[in-house]
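Note: hydrogens, waters and symmetry copies are ignored here, and every other heavy atom, side chains too, is used. Note that the numbering runs from 1 along the sequence shown for the chain.
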Amino acid sequence: MTTSSAPGKIILCGEHAVVYGRPAVALPLSGVRAYAEVDDAPPGSGVCFCAPDLGRSWTLGEAPDDPISQLVERLLADIHVPGADIRITLSSDIPIASGMGSGAAIATALVRALATHFERALPPEAVSAIVYESERGYHGTPSGIDNTVVAFERPVWFVRPRPTDYLPPTASGSDEQAHTGYQSSVVSSQWSAVGRPTIEPIAIAAPLALLVGDTGLRSQTKLPVAEVRRRREADVARYEALFDSVGALAHQARDALAAGDRAALGPLLDRNHTLLQEIGVSSPELDRLVGVARGAGALGAKLSGAGWGGVMIALVEEGTQELVRRALLAAGAARILETTVAADQVPDAV
């Protein structure tokens with residue numbers, strides 16, 4: 001049996017604007033993970049899936065259009081393992097459809113487990129590109145940030161190149177192919193038609209204590225993403241100005257992280273939430289939890305992810321963390337996750 005895992009993620013600053021070429025800051029949640037197990041199955045059984053968290057079991061033949069099935073079928077073909085007889089078990093601690101990268105984490109864990117099981121080496125950049133293609137099946141036009149931060153498991157500064165509507169990869173070769181033997185055009189570059197994104201590790205000079213409050217409301221990322229696109233097309237000047245403001249906050253947040261200035265970071269999160277309200281992706285439940293967190297002493301709070309449900313985050317200090325946690329639960333949060341992002345003053349390259 002081969003087992004692999006991948007972390008969840010949160011976007012600290014930059015949701016939605018990142019789809020339109022502005023920067024975003026994203027952090028991995030290393031203590032909240034998805035898992036994939038790959039085991040050999042009896043000859044002739046084919047590829048069997050088991051997802052106990054979802055109460056699902058299926059075979060590749062029964063659900064060939066399922067995004068996970070498509071991911072596995074494509075990957076097995078590309079690494080030249082036809083007719084595999086394997087059993088894949090998927091599980092996750094990450095709330096589904098919550099803005100925490102559950103789909104990217106499951107796909108990343110699965111790609112790693114399959115590659116390892118069949119003794120194929122895939123570097124993080126290759127894994128990220130493969131998962132991006134899988135994400136398109138779930139989200140329509142994903143920004144690319146989930147697969148990046150999850151596959152590299154590092155805090156990252158991400159700027160997606162413009163134009164925002166990516167074209168299918170067309171190149172037939174790449175450094176990743178030469179290194180790994182992986183022959184898919186996806187790895188050649190998910191960005192080949194428009195140029196590569198800026199992906200940089202970010203310095204965090206002081207640890208961050210964060211509470212993640214789950215509204216309990218599931219929201220498919222592609223729905224608010226599509227609605228924001230529709231609204232932007234109807235009022236380009238207004239939405240471009242909103243995206244510019246979000247991008248400016250992301251720059252300020254990066255500076256605050258590098259300086260270890262949590263007091264400055266908190267109001268930036270508050271302002272980012274206000275802009276997301278104006279963009280149209282918050283909800284009464286998210287607004288309530290954000291307001292309660294601030295009232296209980298959080299340095300700052302905002303929704304995190306696509307919105308219309310999912311989760312919010314609160315930046316807290318040791319003296320207020322428990323007060324904020326209790327207040328969020330009393331206000332109706334379905335679940336509270338506590339995480340600390342460690343200081344990393346000299347990040348490695350991504």
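Between the side chain of W308 and the main chain of R218, no donor-acceptor pair closer than 3.5 Å is present. At least one donor-acceptor pair closer than 3.5 Å links the side chain of S219 to the backbone N or O of G307. The backbone N or O of V316 lies less than 3.5 Å from no partner atom in the side chain of T320, so there is not a single donor-acceptor pair. The backbone N or O of A113 lies less than 3.5 Å from no partner atom in the side chain of T116, so there is not a single donor-acceptor pair.
The existence of a salt bridge linking R254 and E200 is confirmed by a sub-4.0 Å separation between a basic side-chain nitrogen and an acidic carboxylate oxygen.
In terms of hydrophobic clustering, with Ile, Leu, Val, Met, Phe, Trp and Tyr side chains grouped at heavy-atom distances under 4.5 Å, L12 and V159 are assigned to a common cluster. In terms of hydrophobic clustering, with Ile, Leu, Val, Met, Phe, Trp and Tyr side chains grouped at heavy-atom distances under 4.5 Å, V212 and L323 are assigned to different clusters. Note on L217 and V281: separate hydrophobic clusters, where clusters join Ile, Leu, Val, Met, Phe, Trp and Tyr whose side-chain heavy atoms are under 4.5 Å apart, directly or indirectly. Follow the hydrophobic side-chain contacts under 4.5 Å out from L223 and you reach V19 in the same cluster.
Sequence neighbours left out, not one pair with a member in residues 84-111 passes salt bridge (Lys or Arg N to Asp or Glu O under 4.0 Å).
Across all their heavy atoms, P95 and S102 have their closest contact at O-CB, 3.7 Å. Residues A331 and R288 share a closest heavy-atom pair of O-NE, 3.1 Å. Listed here is the closest heavy atom pair of V150 and R112: O-NH2, 3.9 Å. Closest approach of A26 to V149, counting heavy atoms only: O-CG2, 3.8 Å. The two atoms that bring V156 and I202 nearest to each other are C-CG2, 3.9 Å, heavy atoms only. Of all heavy-atom pairs between A250 and P23, the closest is CB-O, 3.5 Å.
A donor and an acceptor atom, one from each side chain of D287 and H273, are located under 3.5 Å apart. When only modelled atom types and interatomic distance are considered, W58 and S69 share a side-chain donor-acceptor pair under 3.5 Å. A donor-acceptor pair shorter than 3.5 Å cannot be found between the side chains of D53 and S92. Between the side chains of Q70 and S134, not a single donor N or O lies within less than 3.5 Å of an accepting N or O.
The NZ atom of K9 sits 3.5 Å away from the CG atom of D146 when rounded to the nearest 0.5 Å. Separation of atoms SG (C48) and CG (D39) is listed at 11.5 Å; rounding is to 0.5 Å. For the atom pair CG of L303 and CD of E15, the computed distance is 5.5 Å after rounding to the nearest 0.5 Å. For the atom pair CG of L286 and OG1 of T215, the computed distance is 5.5 Å after rounding to the nearest 0.5 Å. Between the CD atom in E37 and the OG1 atom in T2 there is a gap of 9.5 Å [rounded to 0.5 Å]. Taking CG of L268 as the start and NE2 of H251 as the end, the distance is 12.5 Å to the nearest 0.5 Å.
Residues meeting the ring-ring contact (aromatic ring centres under 6.0 Å, His included) test with Y35, sequence neighbours left out: none.
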